[in-house]
Novice: 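So that we are looking at the same thing, I have put the structure below in structure tokens.
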Amino acid sequence: MGKTRQKSPLRRRLVAALGLAGAVLALAPAVPAGAHGRTPEPGAWQLTATGTDARFRGLAAVSRSVAWAAGTRGTVLRTTDGGRTWRNVSPAGAGELEFRDVEAFDARRAVALAIGEGEASRVLRTEDGGRTWTESFRNTDPRAFYDCMTFFDNRHGLAMSDPVDGKYRILSTGDGGRSWRVLPDAGMPAAQPGEAGFAASGQCLVSSGPKDVWLATGGGPAGRVLHSADRGLNWTAAETTIPAGEGAKGVFGLAFRDRRHGLAVGGDYRADQASPRAAAVTGDGGRGWTASATPPSAYRSGVAWLPHSASAALAVGPTGTDLTTDGGRTWRTIDTGSYDTVSCTADGACWAAGEKGRIARSAVR
């Protein structure tokens with residue numbers, strides 16, 4: 001990726017492609033795993049309109065009734081009635097921003113990340129349900145390009161930038177996103193040549209528990225996952241089985257149901273390219289990764305565990321939705337619609353976001 005941290009022409013085209021018009025999807029409340037003696041499975045998508053054509057790659061599912069989505073043209077939506085209606089709560093004057101991640105604590109408090117080179121990368125925060133927003137961080141380093149964000153709790157969170165001076169840059173907050181500081185990079189391993197994160201689903205940086213966080217990469221010789229057990233100060237890197245080697249290939253999304261058991265999805269974003277080995281699993285916190293025996297048939301950008309399940313998860317991408325009921329070892333396609341990201345909540349709901357202004361709901365059998 002070079003010392004200037006400019007996106008390559010392919011990466012620039014990818015960023016542009018990822019910013020096409022879009023939508024929001026919501027799954028119906030999920031049945032806890034083990035209910036009725038079997039693993040729950042989602043039914044068919046039921047589509048409803050959101051009143052916008054923005055594409056939403058940022059998604060924060062708070063509960064079965066509350067969710068936030070953030071996307072193109074500075075658009076932020078919020079629902080408090082389970083997706084029956086959506087309110088446009090976009091920040092004033094944000095029409096040129098590309099939101100790719102949003103983290104929400106409840107129906108009133110949320111933090112949104114805008115991506116891009118230099119000052120295009122920003123963090124905004126609301127405490128009143130999106131009626132007003134405050135900019136809490138604006139990147140002033142032209143070499144940095146922020147991709148994803150995660151929170152451990154309602155105070156502590158991180159955001160990540162593509163490598164600067166050969167290492168990923170980590171931004172930290174300890175006050176719920178009101179202020180941010182760049183962490184020292186002494187504990188960050190060197191990035192591979194050409195390596196970067198993908199701002200495709202808000203899931204290239206994910207956390208589980210009070211201190212563990214994982215970072216997904218692509219574009220370099222191997223698709224890697226970096227892990228920190230101390231909120232981003234020290235990291236270790238592990239290669240996955242998901243192919244990389246080009247700017248559009250690698251690990252795009254991660255999901256951890258605890259500090260040991262995780263899923264990785266990705267592939268090649270380009271529609272005319274195959275994505276073999278597009279999913280992998282870990283049982284040791286990301287130190288080692290095993291290829292799914294039957295992976296999704298195409299590129300997938302988002303992944304989430306179903307509520308209260310140790311074995312069921314959903315993966316989504318432009319060509320459809322896949323389901324695993326055996327912890328990521330095998331996947332099968334259950335829908336062919338285009339979605340970008342997916343998220344589930346502890347009270348038994350899953351939500352997914354995608355293109356063309358849609359909201360979809362699915363019952364869980």
Novice: Using a strict threshold of under 4.0 Å (side-chain N to carboxylate O), is an ion pair present between Arg155 and Asp153?
Specialist: no
Novice: Could you tell me if Asp326 and Thr324 have a donor-acceptor pair between their side chains, going purely by distance under 3.5 Å?
Specialist: yes
Novice: Between Asp268 and Arg270 (salt bridge meaning N to carboxylate O under 4.0 Å), is one present in this structure?
Specialist: yes
Novice: Step by step, would you call Asp335 with Thr333 a side chain to side chain donor-acceptor pair (under 3.5 Å)?
Specialist: CA-CA 6 Å; Asp335 188 87; Thr333 301; over 6 Å; no
Novice: Could you tell me whether Asp340 and Arg57 have a side-chain N and a carboxylate O separated by less than 4.0 Å?
Specialist: yes
Novice: Check whether NZ of the Lys or CZ of the Arg Arg122 lies under 6.0 Å from the centre of the six-membered ring of Phe137 and within 45 degrees of that ring's axis.
Specialist: no
Novice: Salt-bridge test for Arg178 and Asp175: reply yes if a basic N is under 4.0 Å from a carboxylate O, no otherwise.
Specialist: no
Novice: Can Arg169 and Asp162 be counted as an ion pair, charged N to O under 4.0 angstrom?
Specialist: no
Novice: Using modelled atom types and a 3.5 Å cut-off, is there a donor and acceptor pairing between side-chain atoms of Arg100 and backbone atoms of Ala199?
Specialist: yes
Novice: Between Arg55 and Glu355, is there a side-chain N and carboxylate O pair less than 4.0 Å apart?
Specialist: yes
Novice: Between Thr85 and Asp81, do the side chains contain an N or O donor and an N or O acceptor separated by less than 3.5 Å?
Specialist: yes
Novice: Using the ring centroid of each side chain, check whether Tyr269 and Phe198 are separated by less than 6.0 Å.
Specialist: no
Novice: Is a donor on one side and an acceptor on the other found under 3.5 Å between the side chain of His308 and the backbone of Ala346?
Specialist: yes
Novice: How far apart are the C-alpha atoms of Ser63 and Ser65, what are their side-chain angles, what is the distance that settles it, and do they pass the side chain to side chain donor-acceptor pair (under 3.5 Å) test?
Specialist: CA-CA 5 Å; Ser63 68; Ser65 59; 3.2 Å; yes
